[in-house]
Amino acid sequence: MQVGDIVKHNGDDGWWMMKGKIGVLIELLGISDPREGQWMVHWCDNDTPPYYRGLSYFPEHLEVLNANR
């Protein structure tokens, strides 16, 4: 995972409201290892509530759809 990757939320661990939402990784928070830090995501779906737009997400909840390489 890296900044610019397109991701889809898998909805695991009680995040059912985010399941299937598509976004772009914009920043890795807290740690330099992308497998352990949390990601800020710019969500592309207009119906994503503002509360969920401001949260950071663990890598295990995100599936990379199109790696920006």
Side-chain angles (χ1 to χ4, degrees):
M1 297 180 111
Q2 66 181 21
V3 170
D5 285 351
I6 298 169
V7 295
K8 178 172 74 172
H9 199 288
N10 63 23
D12 286 349
D13 298 331
W15 290 92
W16 59 268
M17 178 169 276
M18 293 302 291
K19 185 173 184 167
K21 301 285 187 198
I22 304 295
V24 178
L25 299 178
I26 56 174
E27 183 181 2
L28 176 61
L29 302 175
I31 193 164
S32 61
D33 186 343
R35 296 165 296 168
E36 295 181 14
Q38 292 186 25
W39 286 93
M40 291 300 297
V41 181
H42 173 77
W43 297 106
C44 301
D45 298 28
N46 290 332
D47 64 344
T48 303
Y51 173 78
Y52 293 96
R53 290 185 180 277
L55 297 177
S56 57
Y57 294 87
F58 290 104
E60 57 265 20
H61 295 150
L62 305 171
E63 173 189 350
V64 176
L65 298 177
N66 183 30
N68 182 18
R69 307 274 186 262

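We use all heavy atoms of the structure for the numbers below, so side chains are in, but hydrogens, waters and symmetry mates are not. Index from 1, following the sequence.
Contact check for Ile6 versus Val64: no side-chain heavy atoms found under the 4.5 Å cut-off. His42 has its side chain out of reach of Leu25: every pair of non-hydrogen atoms, C-beta onward, lies at least 4.5 Å apart. Under the 4.5 Å side-chain criterion, counting only non-hydrogen atoms from C-beta, Val24 is not in contact with Val7.
Of the possible polar contacts, none joining the Asn10 side chain to the Gly20 backbone as a donor-acceptor pair under 3.5 Å is found.
Summarising the geometry of Met17 relative to Pro49, their closest heavy-atom pair is SD-CG, 3.6 Å, with the distance given to 0.1 Å. Residue Thr48 comes nearest to Arg53 through the heavy atom pair O-NE, 3.2 Å, listed as atom of the first residue, atom of the second, then distance. Shown here for Ser56 and Leu29, the closest heavy-atom pair between the two residues is CB-CD1, 3.6 Å. For Met1 against Pro59, the heavy-atom pair with the smallest separation is SD-CB, 3.6 Å.
Both Trp16 and Val41 are members of a single hydrophobic cluster when ILVMFWY side chains are connected at heavy-atom separations under 4.5 Å. No chain of hydrophobic side-chain contacts below 4.5 Å, direct or via other Ile, Leu, Val, Met, Phe, Trp or Tyr residues, connects Ile26 to Leu28. A single hydrophobic cluster is seen to contain both Trp43 and Val3, as judged by linkage of ILVMFWY side chains at heavy-atom distances under 4.5 Å, directly or through other members.
Between the CD atom of Gln38 and the CG atom of Leu62 there is a distance of 10.0 Å, given to the nearest 0.5 Å. Distance check, rounded to the nearest 0.5 Å: CG of Leu55 to CE of Met18 gives 8.0 Å.
Screening Trp39, Tyr52, Trp15 against Tyr57 for a ring-ring contact (aromatic ring centres under 6.0 Å, His included) leaves a single residue, Trp15.
Taking 4.0 Å as the cut-off between side-chain N and carboxylate O, Asp47 and Lys21 count as a salt-bridged pair.
For Asn46, there are no side chain to side chain donor-acceptor pair (under 3.5 Å) partners at least two apart in sequence or on another chain.
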